[in-house]
Amino acid sequence: MTARGRVTLGVLIDSLGPGLARPLALPHGREPLVGTPVIYDPEEPQAGLDGAVLLVTGRPSAEILARAGESGVAVVVVKPGTCDEQALATAAKAAGTALLAAPPELSWGQLYTLIDALLAVVAPAEDPRGTRAADLFVLANEVAVRVGGAVAIEDLAMRVLAYSTVEGQRIDELRKEGILGRRVPEHPTNAEEYAAVLRADGVVWSREPREFYPRLAIAVRAHGEVLGTIWAVQAEEPLAHDAATVLEEAATAAAPHLARINLAADEARRRRDECLGWLLRGIGAVDELATSFGLLPREPVTVVTLGPYAGSADAFAATHAADLLRTAFVAYRIRAATGVVDGRAHAIVAAEASATLLRRIIVDTLSRVSERLGGGWRAGIGRTAASVAAVPAGARQAEEALRAVCGPFSQELAGSHEELSAALFLMDVEAALRPKPSLSGEPLALVAAHDARHGTHYVHSLTVWIGAHYDVPRAAELLSLHPNTLRYRLRRIGELIALDDPDTRLVLALQLRLNGATKQSG
């Protein structure tokens with residue numbers, strides 16, 4: 001069924017299901033082994049693609065299929081659209097590569113993630129008695145047939161490890177989103193529903209959220225330790241009368257597989273994070289560490305750091321963010337080292353800090369993490385380092401940039417150290433002045449005192465005027481005043497403080513900016 005991290009073409013087709021992978025040509029049947037998904041880039045040399053699943057994002061053609069066959073690609077996935085499917089199938093057979101059609105509504109990123117996740121979970125596992133545990137996707141399908149409802153197998157982080165693809169079995173939007181996103185969507189009832197399943201010794205009915213189908217669920221355990229859960233959807237027809245027994249048997253069969261997945265993933269992640277930490281700190285043989293991540297020791301790289309807007313991230317949230325970054329970079333064939341260090345998600349990327357694609361990947365990842373986990377995530381981007389030897393400086397800059405985008409002087413989701421230099425300066429000035437009376441002292445204190453005694457609005461007028469770059473007509477428009485009325489106010493303020501003095505204006509502008517930002521963030 002599997003070999004060296006690969007699966008047969010038949011497993012790939014069955015696991016994705018007919019709705020996501022429709023065969024157009026299978027010149028060598030369902031037995032060829034397929035491996036890593038790769039997004040097709042006409043500008044990149046077609047090398048190292050032996051056994052790959054090539055996702056052709058542009059307009060498919062016979063020429064692309066021919067080149068794929070010459071490069072050893074196992075299967076090409078296309079969205080035919082207005083192309084002639086029969087002509088494409090004929091070209092695929094001539095090239096000796098399988099051809100699958102994906103639906104137009106499925107994004108290439110989602111399909112890439114599905115295939116990548118499939119390769120991570122389908123390898124056979126050994127149970128303590130020495131027998132082979134069934135592939136999780138095969139197990140999910142077997143259980144779905146026996147219980148009469150769609151089945152999903154999840155880990156403790158609510159990631160969907162495997163799901164059934166039995167034709168005719170209905171699923172709701174909740175299950176569909178879980179499959180496409182590889183994780184159960186956030187819902188206020190999640191915590192309570194999952195806690196009930198994990199506490200129970202056997203199966204439990206879950207009927208929340210009410211707008212979706214009910215589910216019969218069971219926890220997967222090994223030696224008393226909870227490893228994950230199995231869920232069966234009950235659509236219009238009731239589940240089989242022995243559904244509870246079937247799920248109990250499935251939980252026993254899935255346990256060694258989930259234990260292996262968890263152990264292997266935890267160890268690989270721990271080692272990767274440790275090596276990434278050494279690179280970020282410049283410890284050890286950095287050239288060898290860089291090479292182990294696929295980075296070239298002498299190439300320019302950029303450090304990216306992700307974290308929640310407020311508070312600290314839990315271990316899963318940071319890991320999830322790092323995994324999303326890794327998947328995105330691989331999908332776009334951008335070399336990067338990703339992982340979690342000191343509770344934050346980090347990436348060392350072989351790209352310039354100013355690269356448009358880098359920024360798009362970061363912002364998209366932030367959106368997905370915030371949507372799934374909450375916390376309003378932000379990202380800081382260091383200045384481009386000339387080589388991995390300069391990564392520690394870039395790491396410090398990325399942390400500073402993250403501090404700035406999470407501070408009161410930036411409204412961006414992500415920003416580079418260079419872009420945020422003014423915000424960092426203001427944060428340093430505010431921190432230095434916070435304990436001192438000068439932050440709220442003169443000249444601002446004199447104007448504020450006048451407002452308090454006489455009910456005037458001089459402080460607000462100054463704030464708008466300075467914000468309009470001392471443009472009286474523009475400031476008057478923003479204040480809904482006649483320009484002459486604002487000029488009169490400014491003359492009156494000039495009787496309280498030396499408003500014509502450049503230093504007074506500078507200090508006043510800083511006082512207004514720092515005090516205003518402090519109030520907004522407080």
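Distance alone, capped at 3.5 Å, is enough to place a donor-acceptor pair between the Thr90 side chain and the Gln86 backbone. With hydrogens and angles disregarded, a donor-acceptor distance shorter than 3.5 Å links the side chain of Thr302 to the backbone of Ala351. Between the side chain of Thr384 and the backbone N or O of Ala353, at least one donor-acceptor pair lies under 3.5 Å. Formation of a donor-acceptor pair under 3.5 Å by the Asp84 side chain with backbone atoms of Ala87 is found in this model. The main-chain N or O of Glu193 is never found under 3.5 Å from a side-chain atom of Ser206 such that the two would form a donor-acceptor pair. Under the 3.5 Å distance criterion, the side-chain polar atoms of Gln169 are matched with a main-chain donor or acceptor of Ala144. Judged by distance alone, the side chain of Arg272 and the main-chain N or O of Thr338 form a donor-acceptor pair under 3.5 Å. Listed for the Gln234 side chain is no donor-acceptor partner under 3.5 Å among the backbone atoms of Pro214. Looking at Arg146, its side chain never comes within 3.5 Å of a backbone N or O of Leu247 through a donor-acceptor pair. Proximity of a side-chain donor or acceptor of Ser367 to a complementary backbone N or O of Asp364 within less than 3.5 Å is not detected.
Ser416 places a side-chain heavy atom less than 4.5 Å from the side chain of Arg359. Using a 4.5 Å cut-off on side-chain heavy atoms (C-beta onward), Thr8 and Arg30 make no contact. Looking at heavy atoms from C-beta onward, Ile115 lies in side-chain contact with Leu55 at the 4.5 angstrom threshold. The closest side-chain heavy-atom distance from Ile362 to Val304 is below 4.5 Å. Annotation: side chain of Thr365 is not in contact with side chain of Phe329 (no heavy-atom distance under 4.5 Å). Annotation: side chain of Ile348 is not in contact with side chain of Phe293 (no heavy-atom distance under 4.5 Å). Leu139 is not listed as a side-chain neighbour of His257, based on a closest heavy-atom distance of 4.5 Å or more. Pro297 places a side-chain heavy atom less than 4.5 Å from the side chain of Thr291.
Looking at every heavy atom in both residues, Leu20 comes nearest to Pro103 through O-CD, 3.6 Å. For the pair Ala102 and Val77, the tightest heavy-atom approach, listed with the atom from each and the gap, is CB-CG1, 3.9 Å. Shown here for Val405 and Ala414, the closest heavy-atom pair between the two residues is CG1-C, 4.1 Å. Counting all heavy atoms, side chain and backbone alike, Ala254 lies closest to Ile230 at CB-CD1, 4.3 Å. Between Leu358 and Glu352, the shortest heavy-atom distance links the atoms CD2-O, 3.5 Å. Of all heavy-atom pairs spanning Leu26 and Leu9, the tightest one is CD2-CD2, 3.6 Å.
In summary, Arg271 and Glu274 engage in a salt bridge, as defined by a charged side-chain N under 4.0 Å from a carboxylate O. The existence of a salt bridge linking Glu85 and Arg22 is confirmed by a sub-4.0 Å separation between a basic side-chain nitrogen and an acidic carboxylate oxygen.
Atom-to-atom distance recorded for Leu324:CG and Thr319:OG1 is 11.0 Å, nearest 0.5 angstrom. Between Glu154 atom CD and Leu136 atom CG the span is 12.0 Å, to the nearest 0.5 Å. The distance from the CG atom of Asp342 to the OG1 atom of Thr305 is 10.0 Å, given to the nearest 0.5 Å. Distance check: Glu399 CD to Leu280 CG gives 9.0 Å after rounding to the nearest 0.5 Å. In this structure, CG on Leu100 lies 11.5 Å from CG on Leu54, to the nearest 0.5 angstrom. Once rounded to the nearest 0.5 Å, the distance linking OG1 of Thr229 with CD1 of Ile218 reads 10.5 Å.
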(message) Apply side-chain contact (heavy atoms from CB on, under 4.5 Å) to residues Leu88 and Val76 and explain how you reach the verdict.
(response) CA-CA 11 Å; Leu88 290 176; Val76 173; over 6 Å; no
(request) Show the numbers, then the answer: is there a side-chain contact (heavy atoms from CB on, under 4.5 Å) between Ile153 and Leu258? (result) CA-CA 9 Å; Ile153 303 175; Leu258 264 64; 4.1 Å; yes
(request) Evaluate side-chain contact (heavy atoms from CB on, under 4.5 Å) for Lys79 paired with Val56, printing each intermediate quantity in order. (result) CA-CA 8 Å; Lys79 294 182 181 179; Val56 179; over 6 Å; no
(request) Mind running side-chain contact (heavy atoms from CB on, under 4.5 Å) on Glu412 and Glu419 for me, showing each step along the way? (result) CA-CA 11 Å; Glu412 301 297 324; Glu419 296 168 342; over 6 Å; no
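The number of heavy atoms from other shown groups lying within 6.0 Å of CZ (Arg170) does not exceed 12. Open room surrounds CD on Glu418; 12 or fewer heavy atoms of other groups in view lie less than 6.0 Å from it.
Of the listed residues (Val369, Val349, Leu306), just one forms a side-chain contact (heavy atoms from CB on, under 4.5 Å) with Leu325, and that residue is Leu306.
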